[in-house]
Amino acid sequence: MQLNSPQYQAVTAPESNLLVIAGAGSGKTRVLVERMAYLMRDQGLSPHALMAVTFTNKAAREMRERLEETLGRSLHAMWVGTFHGLAHRFLRSHWRDAGLIEQFLILDSDDQQRMMKRIIADLQLDDAKFKPRAVAGFVNGCKDEGQRPHHLQTGRDYYNDTLIRLYAEYEARCNAQNLVDFGELLLRTFETLKNKSELLRHYKDRFSYLLIDEFQDTNTIQYAWIRLLAGTKTRVMAVGDDDQSIYAWRGARIENIHRYESDFAPVTTIRLEQNYRSTDVILKAANAVIANNTGRLGKELWTEQSEGTPIQLYAAFNEQDEARFVANRMSQHVDHGGLYGEQAILYRSNAQSRVLEDALLRAGIPYRIYGGQRFYERLEIKNALMYLRLIQNRFDDTAFERIINVPPRGIGERTVEQMRQTARDEGKGLWDSALQLTRGDGLSGRAKTAVVAFVDLINDLDRKATDLELSDLARDVIDATGLLAYHGSEKGERGQARVDNLNELVSACRAFEPEDEESSVLLQFLSQASLDAGETQADPDADAVQLMTLHSAKGLEFPQVFLVGAEEELFPHVMSLDSAGGLEEERRLAYVGITRAMQHLIVTYAETRRLNGRDHFGLLSRFIREIPADCIEEVRLESQISRPFVSSSFGARPVDRPHRHPRFQDYDDGFGEQTGLGIGSRVDHGLFGEGTVLAFEGSGPQMKVQVRFDDGSKKWLVLQYAKLVPLG
DNA sequence: CGTGGTTTACATTAG
DNA sequence: GTAAACCACG
């Protein structure tokens with residue numbers, strides 16, 4: 001396919017910094033790849049002189065593959081990756097300049113919170129006032145902004161001062177334990193480049209071109225990084241779309257796009273607004289939704305494609321019904337000659353995947369889940385990894401604490417506390433403290449034996465580690481530590497699942513290909529496990545439907561997309577409702593979701609959904625209500641006419657509804673008015689007492705209503721006879 | 001003192 | 001629904 005005019009302009013632009021405002025589906029990745037190919041092929045730049053940054057591993061992989069395909073050569077040594085991946089690569093090569101120890105490991109957010117919790121306890125602070133999660137968030141926020149504890153202003157109030165104190169203590173412990181968290185990867189890289197002028201010069205000389213994808217998602221420190229590296233000689237191509245900025249919650253600064261135009265002046269700005277992905281209906285819907293946001297750079301996607309089929313909207317009873325509906329439709333697509341792989345289910349939060357998975361399994365549909373409970377974050381895998389970490393780095397107290405008594409080996413809280421005390425008194429790590437305690441007589445006989453056994457276990461494994469294949473070491477670890485037996489004995493299917501996962505870990509070790517010969521394979525594997533979610537577990541070539549969050553769907557496209565859980569409080573998520581900014585970010589997420597679809601978009605929502613163990617009565621998401629009525633078609637299943645009471649979902653909030661859907665309006669004025677009842681209404685029944693309306697069925701005089709009474713019983717009642725009295 | 005069973009608090013999005 | 005916190009027991 002030929003490049004269109006702005007695409008061609010972007011690919012072949014002469015020496016100047018570029019800003020490409022690229023709408024969804026406008027061929028952005030293609031432009032990036034073609035631009036790189038152009039620079040190498042026509043301008044004679046070496047792959048060595050380019051650096052390309054993306055935000056997800058998936059996107060980085062795809063970019064590298066497409067580039068290799070275009071150029072017909074391997075680009076192994078080229079710097080293509082995520083900010084975090086490249087920072088990690090930098091720190092591995094320059095650990096000395098960065099003030100690190102060669103063996104440093106990466107601390108993920110789970111470990112980070114664990115450590116913070118420990119610190120809060122050690123400093124005898126109230127963990128209700130200083131929630132580990134929130135404090136970790138504070139630290140991450142500071143690092144995103146490039147702030148160390150000493151940059152922060154103290155003396156304002158106790159809370160703030162304590163946060164800073166916690167940050168400082170956290171930093172001290174990370175250093176002592178040779179651990180680097182995600183934010184630290186970026187900040188440390190930035191500081192090292194800034195402070196070591198010869199290093200900076202080296203990289204500035206090396207790179208003559210920087211390409212940054214998803215520029216709207218860069219945070220302060222990433223932006224500073226680019227500025228530093230670019231200097232005056234290096235050219236930069238920034239590609240982004242302000243309407244797809246969905247990472248403000250982790251420090252992304254949408255303003256970076258605006259700042260770029262002045263900081264990197266002169267900048268040539270190119271807009272890609274022609275969409276090659278979606279049908280006209282889908283684009284119309286997306287444009288209408290995003291138009292409700294304020295302060296946009298302004299951009300309207302258009303296409304030459306035909307209108308296409310309307311967006312379908314299905315109102316499900318509950319999440320099971322929703323999942324079944326989706327599974328059915330997916331099967332139908334395949335029955336009609338389509339592929340599983342052409343379809344994706346997108347949801348707001350990972351927790352939604354469970355029910356969907358269930359339905360797909362039942363329907364015999366092959367699927368693949370991205371993200372979510374990441375492979376390397378599963379409890380049993382984490383345990384195994386922690387053993388490997390301790391073998392690699394004896395200073396890793398976080399790993400030590402996690403596995404010291406997993407599986408139970410007779411080292412209880414009391415003994416561990418003794419180790420912590422010794423560690424504090426002597427200013428050393430838990431491992432050294434344990435060693436010291438086994439030599440003295442501070443421990444009881446039983447505890448001492450157990451600690452000695454643990455120390456020997458780790459040392460033995462370490463000794464063997466040097467001449468074992470990684471996978472054999474992993475096998476050894478899960479066997480010798482008793483982890484496999486321990487998790488295997490967990491009751492129910494869970495035990496088997498955990499054993500399977502542990503075996504899967506051994507396979508992952510076997511399949512692992514180290515990048516370089518320099519550092520140990522174990523070290524490389526552990527780093528990769530922290531940076532990569534382990535999404536490669538399933539066979540990527542298999543024809544399977546894909547499940548993922550809206551966030552991880554960015555940059556992807558599918559002929560048929562199911563956008564599920566389109567309910568208020570789920571999407572937009574409750575947590576984002578209290579701020580205008582939060583809501584607009586959710587809307588951009590909706591925009592991202594809608595624009596993933598090429599041919600067919602199917603939106604579903606559930607009238608009842610179990611959320612956090614409670615029944616939740618959802619209203620249709622405002623984002624779907626913002627779609628023009630003529631783009632949407634409601635789906636009704638022939639077999640059941642289940643929802644005469646759309647009023648409960650559509651009509652309850654007439655406010656902020658820019659586009660009122662005529663059909664929805666009908667329902668408002670229909671049955672809802674007559675009975676005054678809707679899903680979730682409280683009612684009183686003469687015999688059964690008070691209850692909550694769960695569902696309706698049928699219409700007219702035959703209409704039945706399902707009520708769950710407060711004694712827990714559920715009953716279907718014919719409305720006409722039941723004499724329900726609405727309450728409240 | 002350590003272990004196992006039981007209760008209770010807690011829940012986005014991601015590298 | 002899960003994992004940490006809690007509590008009674010050996």
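Each chain gets a letter, A, B and so on, in the order the sequences are listed, and its residues count up from 1. Just so it is clear, the model here is predicted, and its values are computed rather than measured.
For A:Arg414, a side-chain nitrogen or oxygen approaches OP1 or OP2 of B:dC1 to under 4.0 Å. At least one side-chain nitrogen or oxygen of A:Asn405 sits closer than 4.0 Å to the OP1 or OP2 atom of B:dT3. For C:dA5, the OP1/OP2 oxygens have a side-chain nitrogen or oxygen of A:Lys117 closer than 4.0 Å. Note on A:Thr549: a side-chain N or O is less than 4.0 Å away from OP1 or OP2 of B:dA14. At the phosphate of C:dA4, neither OP1 nor OP2 sits under 4.0 Å from any side-chain N or O atom of A:Arg402.
Taking atom CD of A:Glu377 as the reference point, atom C1' of C:dT2 lies 15 Å away to the nearest angstrom. As rounded to whole Å, 12 Å separates atom C1' of B:dT13 from atom CG of A:Asp217. In this structure, A:Tyr370 atom OH and B:dT13 atom P are separated by 18 Å, rounded to whole Å. If you measure from atom CD of A:Glu214 to atom P of B:dT13, you get 19 Å, rounded to the nearest angstrom. C:dA3 atom P lies 11 Å from atom NE2 of A:His487, rounded to whole Å. A:Glu569 has its CD atom 17 Å from the P atom of B:dT13, to the nearest Å. At whole-Å resolution of the value, CD in A:Gln352 and P in B:dT12 are 11 Å apart. In this structure, the CG atom of A:Asp615 is 20 Å from the P atom of B:dA11, given to the nearest Å.
Positionally, the nearest nucleotide of DNA chain C for A:Arg354 lies more toward the 5' end than for the other of A:Arg354 and A:Asp127. Mapping A:His573 and A:Ala447 onto DNA chain B by nearest heavy atom places A:Ala447 closer to the 5' end of the strand. Of the two residues contacting DNA chain B, namely A:Arg446 and A:Ser530, the nearest-nucleotide position lying further toward the 5' end is that of A:Arg446.
Between A:Trp225 and A:Tyr223, the distance separating the two ring centers is not shorter than 6.0 angstrom. Separation of the A:Phe400 and A:Phe454 ring centroids falls under the 6.0 Å cut-off.
The aromatic ring of A:Trp249 is not stacked on the base of B:dT12, since the criterion of ring centres less than 5.5 Å apart with planes inclined by under 30° is not met.
The side-chain heavy atoms of A:Asn256 and A:Gln216, taken from C-beta on, include no pair separated by under 4.5 Å.
Taking every side-chain heavy atom of A:Pro408 into account, B:dT3 is the closest of B:dG2, B:dT3, B:dT12. Taking every side-chain heavy atom of A:Thr415 into account, B:dG2 is the closest of B:dG2, C:dT2, B:dG15. Comparing atom distances between the A:His84 side chain and each of B:dA14, B:dT13, B:dG15 picks out B:dG15 as nearest.
Under the 3.5 Å distance criterion, with hydrogens and angles disregarded, a donor-acceptor pair is assigned to the side chains of A:Gln112 and A:Asn140.
When heavy atoms are screened at a 4.0 angstrom cut-off, A:Arg114 is found touching the sugar-phosphate backbone but no base atom. When heavy atoms are screened at a 4.0 angstrom cut-off, A:Ser444 is found touching no nucleic acid atom at all. Across all strands, A:Phe55 comes closer than 4.0 Å only to sugar-phosphate atoms, never to a base (heavy-atom distances). Within 4.0 Å of A:Asn350, counting heavy atoms only, lie sugar-phosphate atoms of the nucleic acid but no base atom.
Atom OH in A:Tyr387 sits 5.0 Å away from atom OG1 in A:Thr481 (nearest 0.5 Å).
At a cut-off of 3.5 angstrom, counting only N and O atoms as typed in the model, there is no donor on one side facing an acceptor on the other between the side-chain of A:Arg250 and the base of B:dT13.
Comment: A:Glu319 does not engage A:Arg610 in a salt bridge, judged by the lack of any side-chain N to carboxylate O separation of less than 4.0 angstrom.
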